[in-house]
Every structure is written in structure tokens, then in C-alpha cells.
Amino acid sequence: MPRFAANLTMLFTERAFVDRFGAAAAAGFEGVEFLFPYAEAAGILRERLDAAGLALALFNAPPGDWAAGERGFAALPGEEARFERSFAQALDYARVLRPGRLHVMAGIATGPAARATFVANLRRAAAAAPDMVLTIEPLNARDMPGYHLASSDEALRVIEAVGAENLKLQFDLYHTQISEGDLTRRIEALAPVIGHVQIAGVPDREEPDRGELALGHLMDVLDSVGYEGWVGCEYRPAGRTEDGLGWLAPWRRGEIVGGGDE
């Protein structure tokens, strides 16, 4: 049965960030994730997690200057020292926040040199954090043109090249449906390397029961391949977050074991 984590960067945004933890718990979420925690002290976020009784599924390593268009820099040649410093900051936060996963963003970069840089940086990061599961995520080229990973096949090749047991695939159903489709077969084929799952409706990235995806079926598929991790809810609500949570109610109430009668 899926365990859903609210992405607090995108959900409950009517509230200040530190107030979203309690809102997520009240709405029935067991866990949360977010993009970047670095604007807040790690200790304060730990207090909010504990007070709400929530697990932390995932957050991202620092992305660089987001406003200037940076989307990570692990694949940028010449930025190795900068990546090492930023990853050390992420680990400092992780020691306090204890996330299930830490996502390393590749950045806007193409070509063989970028790939070699990405593999080398990931290899060092995985060795520096042997008790932490790291993830990499392919992003669709419509939303994130030029991002270094655009398909699950590319991500799989990187994982194989790095050769670290603690490096996994962050499998976002929204991005993968736009880039590749064939989600059922891709989940089945990639199950051994999937370390985290995220969902959103396609094509508008709204509630996950809107648009092209059969949410109940896909949750059944994840169950069938033995996935036991978190499902991060990384979508933009069409209105107030609470008003669009009807999709969560059946799982929250335990009425659906697998979701196949959606």
C-alpha cells in the first residue's frame, strides 16, 4: 500500500513554510518532502517534523542560483569543488533531518564531459555518504530544457557507471509520462533501481488524479514490483491544497488496498 509524502514546496503554500508540516499531518499525510531546506535552520525543521509526527522522505542538495537558472551543478565540468562544498552542506542538514533520500541535481549541461563529471561527482558523493541513499532524477525537456538527464534510460546508465549500491533512481511519473510514456512497463523494468517515486497529474501538474494517469493502476503496479518507499506528491494544486485532496481520502481511510478500482 503506498505511503504518500506531501511536497511542502508545492503544497499548503497558503502558509509559511514552517507551518506546512502541521497542515500536512492534519490532512492525513504520513511524511513530507521538499526541495531545499537551506533557508531555515535544520534544528527548527527537525522540531516541526517531530511535533507533527512526520517522516522526512527526501530533500535536494543545493541547486546553485535557482533564480539565475541553475538547476544543480553535479554535471558541470569545472564545478567539482563547488559541488563538494554544497554536498557537504546537504549532509550537514541530513544528519539533523534524517531524510530517507537525498536528491542530487545534475544541472543544465550536455555532452561527454558533463557525463564524465556527473559520474565522478556521484561516485565521490556516494562514497562520502555510505549510509545515505542518493537519488538522481530525469526531468522532461519541456519543463526543464537542457537538463543533463532527460530519460530513465540515461539515468540507468549513470547508475551503472557509478556502481554504488546507495545510488538510486528518482522515478517521477509526471516527467516520465511526458518524456517516455509506457509507465507500467518502465516501472516493472526499473524496479530494482527505483529509490523514490513522485506523482503529479499530466499534462498540467495538478492533482495526481487529474489528466492522463490512472493513479490507482500505477499504485497497484508499484505494489506488484515490491516497491516499499515513499510516493512524493510533487504537484501544483488547482486551488487550496485541502480542497483537492479527494484523491488521497481512499488510501488515508484504508478503503483501498491497491487502488485498482479507481
Given the rule in the side chain to side chain contact (heavy atoms under 4.5 Å, CB included) test, do Thr135 and Val104 qualify, once you have shown the distances and angles that lead to the verdict?
-> CA-CA 6 Å; Thr135 65; Val104 178; over 6 Å; no
Side chain to side chain contact (heavy atoms under 4.5 Å, CB included) between Asn121 and Phe87: does it pass, once the steps are laid out?
-> CA-CA 10 Å; Asn121 277 335; Phe87 188 72; over 6 Å; no
Steps toward side chain to side chain contact (heavy atoms under 4.5 Å, CB included) verdict (Val193, Glu160) | CA-CA 10 Å; Val193 297; Glu160 290 173 343; over 6 Å; no
When you look at Met219 and Ile199, which way does the side chain to side chain contact (heavy atoms under 4.5 Å, CB included) test go after all the steps?
-> CA-CA 10 Å; Met219 296 303 101; Ile199 58 173; 4.1 Å; yes
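Between the side chain of Arg205 and the backbone N or O of Tyr235, no donor-acceptor pair lies under 3.5 Å. His148 places a side-chain N or O within 3.5 Å of a backbone atom of Ala109 that can act as its donor or acceptor partner. No donor-acceptor pair closer than 3.5 Å links the side chain of Asn7 to the backbone N or O of Gly232. Within the 3.5 Å criterion, the main-chain N or O of Trp230 finds a donor-acceptor partner in the side chain of Tyr227. Using modelled atom types, no side-chain atom of Glu154 and backbone atom of Ser152 make a donor-acceptor pair closer than 3.5 Å. Asn140 places no side-chain N or O within 3.5 Å of a backbone atom of Ser179 that could act as its donor or acceptor partner.
Contact record, Ala24 with Ala6: CB-CB, 4.1 Å, taken as the closest heavy-atom pair. Closest approach of Leu97 and Pro37 over heavy atoms only: CD1-CB, 4.1 Å. Of all non-hydrogen atoms in Ala126 and Asn166, the two that sit nearest each other are O-ND2, 3.1 Å. Pro63 and Met105 make their closest contact through CB-SD, 4.2 Å (heavy atoms, listed as atom of the first residue, atom of the second, distance). The shortest heavy-atom contact between Leu76 and Gly107 is CD1-CA, 4.1 Å. Taking all atoms of both residues into account, the shortest heavy-atom contact from Val221 to Glu188 is CG1-CG, 4.4 Å.
A salt bridge does not link Arg20 with Glu40: every distance from a Lys NZ or Arg NE/NH1/NH2 to an Asp or Glu carboxylate oxygen is 4.0 Å or more. Using a 4.0 Å cut-off between a side-chain N of Lys or Arg and a carboxylate O of Asp or Glu, Arg157 and Asp153 do not qualify as a salt bridge. A salt bridge between Arg71 and Glu137 is absent, with no side-chain N of the basic residue lying under 4.0 Å from a carboxylate O of the acidic one.
To the nearest 0.5 Å, the span separating CZ on Arg186 from OG on Ser151 amounts to 7.5 Å. Once rounded to the nearest 0.5 Å, the distance linking CE of Met132 with CZ of Arg98 reads 10.5 Å. For the atom pair NE2 of His175 and CD of Gln170, the computed distance is 9.0 Å after rounding to the nearest 0.5 Å. Between atom CD of residue Gln177 and atom CG of residue Leu213 there is a gap of 5.5 Å, rounded to the nearest 0.5 Å. Here the CG-CG distance, from Leu45 to Leu8, works out to 9.5 Å after rounding to the nearest 0.5 Å. Separation of atoms OG1 (Thr9) and CG (Asn60) is listed at 8.0 Å; rounding is to 0.5 Å.
Side-chain contact check for Val32 versus Leu56: some heavy-atom pair is nearer than 4.5 Å. Contact check for Arg210 versus Asp204: no side-chain heavy atoms found under the 4.5 Å cut-off. For the pair Phe21 and Leu49, the minimum side-chain heavy-atom distance is below 4.5 Å. Inter-residue side-chain proximity for Arg95 and Leu91 is flagged as met; some heavy-atom pair is nearer than 4.5 Å. Within the 4.5 Å cutoff, the side chain of Met10 has no heavy atoms near those of the Cys233 side chain. In this structure the side chain of Tyr174 never reaches within 4.5 angstrom of the side chain of Glu234, judged on heavy atoms. Contact of the Leu54 side chain with the Arg48 side chain is not registered, since no non-hydrogen atoms from C-beta on lie closer than 4.5 Å. Looking at heavy atoms from C-beta onward, Arg124 lies out of side-chain contact with Phe83 at the 4.5 angstrom threshold.
Leu58 and Phe171 are not part of a single hydrophobic cluster, where members link through side-chain heavy atoms under 4.5 Å apart. Tracing side-chain contacts under 4.5 Å through hydrophobic residues (I, L, V, M, F, W, Y), one never reaches Val133 starting from Leu167; they form parts of separate clusters.
Just one of Tyr93, Trp66, Phe59 meets the ring-ring contact (aromatic ring centres under 6.0 Å, His included) condition when paired with Phe36; it is Trp66. With respect to Glu33, the side chain to side chain donor-acceptor pair (under 3.5 Å) criterion is satisfied by exactly one of His103, Gln198, Arg101: Gln198. A side-chain contact (heavy atoms from CB on, under 4.5 Å) with Leu190 holds for exactly one of Leu169, Ile159, Thr176; it is Leu169.
Classification of the Phe12-Phe29 ring pair by plane angle, with boundaries at 30° and 60°, yields perpendicular.
Summarising the local packing, CD of Glu212 is surrounded by more than 12 heavy atoms from other residues, nucleotides or ligands at distances under 6.0 Å. Within 6.0 Å of CZ in Arg240 there are more than 12 heavy atoms belonging to other residues, nucleotides or ligands.
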